[in-house]
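Here the structure is laid out as structure tokens; the discussion comes afterwards.
Just so it is clear, the structure is predicted and the values come from calculations on it, not from any experiment. Order of the sequence lines sets the chain letters (A, B, ...), proteins ahead of strands, with each chain counted from 1.
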2 protein chains.
Amino acid sequence: MPTPARTSVEEIVAAGTRILDEVGLAGLTMQAVAAHVGVRSPSLYKRVRDRDELLHHIATATARELGERLDDATVAASATGSSEGAEPAERLVRLAHALRAFAHARPERYRLLFTPPANTLGPAPEALTDAVRALLETTTRLVGPEDSLSAARTVTAWATGFISMEFTGAFRLGGDVEEAYTYGISRLAAALAGPPAT
Amino acid sequence: MPTPARTSVEEIVAAGTRILDEVGLAGLTMQAVAAHVGVRSPSLYKRVRDRDELLHHIATATARELGERLDDATVAASATGSSEGAEPAERLVRLAHALRAFAHARPERYRLLFTPPANTLGPAPEALTDAVRALLETTTRLVGPEDSLSAARTVTAWATGFISMEFTGAFRLGGDVEEAYTYGISRLAAALAGPPAT
DNA sequence: ACCTGAACACCGTTCAAGT
DNA sequence: ACCTGAACACCGTTCAAGT
């Protein structure tokens, strides 16, 4: 005799996301998620294959949300600048700051996205590609379509490396971290827009 | 009546390191370590406070080993170049490649060092500082003592970000990763050595 | 068709009891 | 002084049994 479903994948992913934000990856247990959606943990396995698939869903949802934040940042850049939208270098700085702001606001989800544990699958590739679309548009304006991908990768590598160093405490000794970040991204934008390397 | 010690912290850390390399962080259990050193898991707690402290010791030992590899890389650079040692930019490229080579050879330990899990303490700060001493010397030659720290941080951020993107599969689509890395570090060296940003 | 209690095979960690 | 078995409080996951 059929029984009505008492939850859904969406609800499970939403609960998992909240728990990840609030108590961290280690606290994200199947039982905690189950309690959150009003069910016993074995029931979750009707909706997700295992905990790893749940993490994958959370990562993908996070990529989507990050994408929105980055889009917002470029919109803000357009509104602020002259009639035709801000210059690419300025946009790039705003995008980098939006990425870091997201990392600080949602550190656990940020880590899941950019430095997932060894055997955990990250977000769906298309989701991450989508998330950095705004960045790719900006680097295209900055260096042209030919080099835009490698420029976007360079910026992403630098920014994510900077942020993870920040998280692990590499900047504990000295200096204004905010300033170092702003300086770094400006410098990087200039280097990318400049003449080719020798 | 006293009983002779059947193991030591050093042996435990060595066993933990081997297990981490071979079966990953999830496989690094207290019982696996205990079995490796010929003891039962409760006995480990006479030598380390808990698993987290063991990870901390492994991270510190890893930092020391990485430091040696980076030193080797600069020595190689000196031997290869003209009588007086290679130019700074060339040294920087070699250091970056040595870092990446280490990451590929020992991915689990590399991750423990640069992107440790949220509540895990990384290596002892002095150990990491020591590890990148060769890098700091090189950036000093490249940009002078004033800006050497921020230059070293910029290079480290970019390289670690690049490598973690590589690990998470961000480069799956297209391009020679090796070439992109070499291109990036050369470009970065040029940008750092160049005129200040506008 | 979904939900559950019970069970299994693990974890890290503590502790009284042995030598 | 160190080592151990037993125990505790957890995990993720499976599965037969209920509705």
- Letter per nucleotide, 5' to 3', of nucleotides 5-17 of chain C [B base touched, S only sugar-phosphate touched, - untouched; heavy atoms, 4.0 Å]: BB----SBBBB--

- Task: Check whether any side-chain N or O of A/Ser43 sits under 4.0 Å from OP1 or OP2 of C/dT4, and answer yes or no.
- Result: yes

- Message: Could you work out, with salt bridge (charged side-chain N to carboxylate O under 4.0 Å, His left out) as the rule, every residue matching A/Glu178, not counting sequence neighbours?
- Response: A/Arg100

- Item | Residues that B/Tyr181 engages under ring pair (Phe, Tyr, Trp, His ring centres under 6.0 Å), provided they are two or more places apart | B/His97, B/Trp158, B/Phe162

- Task: May I have the distance from A/Arg6 (atom CZ) to C/dC3 (atom P), rounded to whole angstrom?
- Result: 6 Å

- With sequence neighbours excluded, tell me which residues meet side chain to side chain donor-acceptor pair (under 3.5 Å) with B/Thr168. none

- Query: Listed in order of residue number, which residues of residues 115-123 of chain B have a non-hydrogen atom at under 4.0 Å from DNA chain D?
  - Reply: none

- Message: Any heavy-atom pair between the side chains of B/Leu70 and B/Leu135 that's under 4.5 Å?
- Response: no

- Message: So, using salt bridge (charged side-chain N to carboxylate O under 4.0 Å, His left out) as the criterion, who are the partners of B/Arg133 when residues are at least two apart?
- Response: B/Asp71, B/Glu137

- Task: Just grab all the salt bridge (Lys or Arg N to Asp or Glu O under 4.0 Å) pairs involving residues 52-69 of chain B, residues at least two apart or on different chains.
- Result: B/Arg49-B/Glu53, B/Glu65-B/Arg69, B/Glu65-B/Arg109

Distance-only check: which donor-acceptor pairs under 3.5 Å involve side-chain atoms of residues 28-36 of chain B, not counting sequence neighbours?
| residue | atom | partner | partner atom | Å |
| --- | --- | --- | --- | --- |
| B/Thr29 | OG1 | B/Ala32 | N | 3.0 |

- Item | Stem list, DNA chain D (Watson-Crick or G-U pairing under 3.5 Å, at least 3 consecutive pairs) | C:4-8 with D:12-16, C:12-16 with D:4-8

- Name all residues meeting the salt bridge (charged side-chain N to carboxylate O under 4.0 Å, His left out) criterion together with A/Glu10; count only those two or more places apart in sequence or in a different chain, and write none if there are none. none

- Note on the structure: Contacts of B/Arg6 meeting side chain to side chain donor-acceptor pair (under 3.5 Å) (sequence neighbours excluded), chain-then-number -> none

- Query: Residues in salt bridge (charged side-chain N to carboxylate O under 4.0 Å, His left out) with B/Glu108, at least two apart?
  - Reply: none

- Query: Within this structure, what is the CZ-to-P distance between A/Arg47 and C/dT4, rounded to whole angstrom?
  - Reply: 11 Å

